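Remember, predicted model here, so these are calculated numbers, not experimental data. Proteins get letters first, then strands, A, B, ... in listed order; numbering begins at 1 in each. Side chains are part of it too, since the values below use all heavy atoms of this structure and drop only hydrogens, waters and symmetry mates.
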There are 2 protein chains.
Amino acid sequence: MGSLSERKKKILKAVIVNYTQSAEPVGSRTVARGYRIGLSSATIRNEMADLEEMGYLEQPHTSAGRIPSDKGYRYYVDHLMEGVQLTSEEKKAIKNLLNAEKIREIEKIILNAARVLSLSTNYTALIMGPQFQKAAFKQMRILPLSEKQGLVVLITDTGFIKNKIIDLPYSLTPSELHQVVNYLNHKLYGLTIDQVTTSLINELKRDLFRRLEILEQAFLLLEESLKEEEQVRVYLGGTTNILNQPEFKDVEKVRSLFSLFEQEALLSRLLENSSDAEQVVVNIGRENKLQDIHECTLVTATYSIQDKMLGTMGILGPTRMEYCRVIGIINYLVDYLNLILSTPNR
Amino acid sequence: MGSLSERKKKILKAVIVNYTQSAEPVGSRTVARGYRIGLSSATIRNEMADLEEMGYLEQPHTSAGRIPSDKGYRYYVDHLMEGVQLTSEEKKAIKNLLNAEKIREIEKIILNAARVLSLSTNYTALIMGPQFQKAAFKQMRILPLSEKQGLVVLITDTGFIKNKIIDLPYSLTPSELHQVVNYLNHKLYGLTIDQVTTSLINELKRDLFRRLEILEQAFLLLEESLKEEEQVRVYLGGTTNILNQPEFKDVEKVRSLFSLFEQEALLSRLLENSSDAEQVVVNIGRENKLQDIHECTLVTATYSIQDKMLGTMGILGPTRMEYCRVIGIINYLVDYLNLILSTPNR
DNA sequence: TTTAGCACTCGATTAGCTTGAGTGCTAATA
DNA sequence: TATTAGCACTCAAGCTAATCGAGTGCTAAA
C-alpha cells in the first residue's frame, strides 16, 4: 500500500495541503505553480488522473479539480504527514488556559480541557469523563439527611465523587449504620466498581446478616447507587466551531450532527471504540461507524491517571482537517493532563 | 391600547393563527376564505392596511401578504388568545415522561423536566437550576480524603448537594475538625447561602478562635466553597428542535443562536430577568434583551418548592410560536413540578 | 517521458422572461 | 356611508438561455 512513486506522494500531499486550506477542489495548475515540484501542469494532470483511479483522489464533477478521498487522507496521515511540534507559545497558551485556577475536582478539569481543546483547534471537542465503572472504590459515607433519608457519598481513587440520595431502612440506628459503612469500606477498598457486582454484594449481605443482623434493605443503597448503569458523561466544547466550516453551510447536516451531540450515549460509544489504543487514533470519514459523521474526522486519545486509563478525548472536524496541528495539540494536551492528574496533591 | 374594533381583532387573530401554522405571509383572500368573517377580501385588505399602519402587521415586500409584528403578537397574547386547557392525554403523557423513575436528586428532576418540555412543545427548553445562593443552609460535612485533603459536602434545604475538595490545614485533628463542623452546622442552620457572607464568616472565625483556638485556615474552606460565585447551571433540552423551524434555514442564525446556547452565563441572565414574576412571562422578539434572540419568543415561568422560588424555566421558539399551547404546557408543568418538589418525602 | 496546445465539459453566474399571489385604488353598489 | 367588484400594478420566485472560466483529457511535438 505504501507503494506510491515519490512524485505521486508529493502531488497527493500538495493536493491535501492545499485543499485543507482552501476547501476548494485543487487543479493541476495550482499544484504545478505552488509546490515546487518542477513539473508542468500537464504531467501533474496525468499523475492526478492516476491517483484518482487508485482511489486517493476524487473529482466532484468532470471539469473540476480534485479533492482527497478518505483513502487519500488515510495515506496522508499514515505516510506523508510530518509531525509538527507546537511552538512554545502555543504550549504556554494551552497551559495557561488549563491552569486558570487551581482546580481539584476532576470533572472541572475535564470540562476545562474540553474548552481548551476546542479553543486551540477551532474544531469541536468531545471528552468522555472518567469511567466510573473502572475506577477503584476508595471510600463511602452515608450522611443522614432526615429520619428516612440519607446521602451516600462514594469516592473513587481517581477522585471521582458521586452522590446519591437513598431511603434508609427505618430500623437502622446511627451506630448500626456506621458499622455497616465501616464494614463496607473495609471490604470494598481497592476494588473497581465493575468488580463490585451484585453477586459480591449478595455475598457481603449474607456475611453481614450473620454478624450484625441488619436488615436486608441496608444493601439496596449500594446496589442502587452502583448498579444503575450510569451513563458515562461526555463533555462537549466548541460545538459551534464546526459551523464555521464551509462543509456545514447546509442546515440538514448541522441538524444531524447536533442531534448526535444531544445523544450522550452515542457519543460515549463513539469514543469508547478508540479507547483501547495507546496512541492517538484518527478515524477518517466513513471509517467512523456513525452515519452522521461520515464526512467528519474524529481524532481521539486516551488520558489516564498514574497509568490507569480514565477516559477518551476527541476532536471532531471535517475530513478536511489540519491533521498535524490537531494531532500535535491533542498529544500535548493528553500528556499535560496526565501529568496534572497524576500529581499526587493536585 | 386595547382599542381595536372587533373586526380588526378578528382579522389580526386570523392572520396570526394562519401565519403560525403556515409560516407564509397571509393575504387578504386567505383570511376572507378561511375565517368566517363574512367580509370580502377587499374590505379585509383595507383593514389590514390599517393594522399595518398601526404597527400590528408587517409586509415583507409590497406584493406579499402580511405577517404579524412583535406588537401584533403582543396584542394577541394580551387580548386575543384563548387559554387552552391540555387534554387529559397530554397531561398523562407529561406525567409519564416526568415520572419515568422515582428520582430524588433535584438536578435529575430538572434535567428531565427540560427533556419533557422540549419534547412536548417541539421547541427548545431552558431550565435554570436551583439558585444555590438563595437556598438555605441545612448541613455540611467534611470527609477526610487523605492527610491533607478533605471533601466538603454541603446540603441545602432545597435538596441541592454540593461537593468541593479542599486542602485541610495540617494542624487539625479529626476531633477538632468534627468540632468545627458541628459548630458551623449549628450556627449556619437555616440561613440562605447569600446570608452566609464573608463578614458573617469572619465573625464566626473570631468566635471560634477564642473558643477552640483553631487555625484560621480552617475557614478558608467555607469561604472557598461558598464565595466562589458559582454560575447557576442552565439545562437545555431539544436544542435541535429549533432547527426544524423554517426561520432557521440560514446557518448564520443557527450559529448565533447556538453560540448563545454555549454561554451559560448569558442564558442564566436571560432567565433571571423574568424570575420575579409570579406568572408566566412572554418575551416577544425584540422585547428580549439579547440580540441573538430578537427573532425568537421566550416564554418563562418560575418553579418553587414550598413557595420558595427555586429557578426559572423557559421555552424558546420563533416568534411565530403556538403561544397558547406553549403557555398551557409550561403552566401545567410548573404546577406539576411544584407539586412533586414540595412532596415531603419525594 | 515530458510538455505545449487545444477542444471539450460542466458548474456557477448573470440576465431576461414569465408567473402568480397579493396589493392599492377607484368606481359602482347596498 | 360602508362595502364590494374590478383592474392595474408590484415584486419575489422560478425558469431558461447565454456566458464565463477553471479545469480536464487527449494528441502531437520536443
message = Rounded to whole Å, please give me the gap between CG in B:Leu39 and C1' in D:dA5.
response = 14 Å
task = Give the rounded distance in Å between these two atoms: CG of B:Leu51 and P of C:dG24.
result = 12 Å
ask   = Rounded to the nearest Å, what distance is computed from the CD atom of residue B:Glu24 to the P atom of nucleotide C:dG20?
value = 16 Å
request  = Quickly work out the B:Asn46 CG to C:dC25 P distance and round it to whole Å.
outcome  = 9 Å
task = Answer with yes or no whether A:Arg45 presents, from its side chain, a donor or acceptor under 3.5 Å of a partner atom in the base of D:dG25.
result = yes
ask   = Could you state the CD1-C1' distance from B:Ile44 to D:dT3, rounded to the nearest angstrom?
value = 12 Å
ask   = Hey, what do you get for OH (B:Tyr123) to CD1 (B:Ile315), rounding to the nearest 0.5 Å?
value = 9.5 Å
key: Side-chain donor/acceptor contact of A:Ser40 with base of C:dT3 under 3.5 Å   = no
request  = Give one of base, sugar-phosphate or nothing for B:Ala42, where a contact means two heavy atoms less than 4.0 Å apart.
outcome  = base
request  = Check whether any side-chain nitrogen or oxygen of A:Arg29 sits under 4.0 Å from OP1 or OP2 of C:dA4, and answer yes or no.
outcome  = no
message = Nearest to the A:Gln59 side chain among C:dT2, D:dC11, D:dT24, which nucleotide is it?
response = D:dT24
request  = Give B:Thr43 one of three labels, base, sugar-phosphate or nothing, depending on what nucleic acid heavy atoms sit under 4.0 Å from its own.
outcome  = base
note = Side-chain atoms of B:His61 come closest, of D:dA12, C:dG11, C:dG24, to D:dA12
message = Whole angstroms only, please: what is the CD1-C1' distance between B:Ile11 and D:dT3?
response = 13 Å
request  = Answer with yes or no whether B:Arg66 presents, from its side chain, a donor or acceptor under 3.5 Å of a partner atom in the base of C:dG24.
outcome  = no
message = Taking B:Lys9 first and then B:Glu47, would you say they form a salt bridge - that is, a charged N and a carboxylate O separated by under 4.0 Å?
response = no
remark   = Rounded to whole Å, the NZ-C1' distance (B:Lys249 to D:dA13) equals 12 Å
note = Considering only heavy side-chain atoms of B:Thr62, the closest of D:dA22, D:dT10, D:dT24 is D:dT10
message = What contact category does A:Ser28 fall into here, base, sugar-phosphate, or nothing, at under 4.0 angstrom with non-hydrogen atoms?
response = sugar-phosphate
message = Suppose we screen for ring pair (Phe, Tyr, Trp, His ring centres under 6.0 Å). Which residues come up paired with B:Tyr323, at least two apart in sequence or across chains?
response = B:Tyr73
key: From CE (A:Met313) to CG (A:Leu117), nearest 0.5 Å   = 6.5 Å
ask   = Atom CD1 of B:Ile67 and atom C1' of D:dA12: how far apart are they, to the nearest Å?
value = 14 Å
ask   = Taking the six-membered ring for Trp, are A:Phe258 and A:Phe261 parallel (under 30°), tilted (30 to 60°) or perpendicular (over 60°)?
value = perpendicular
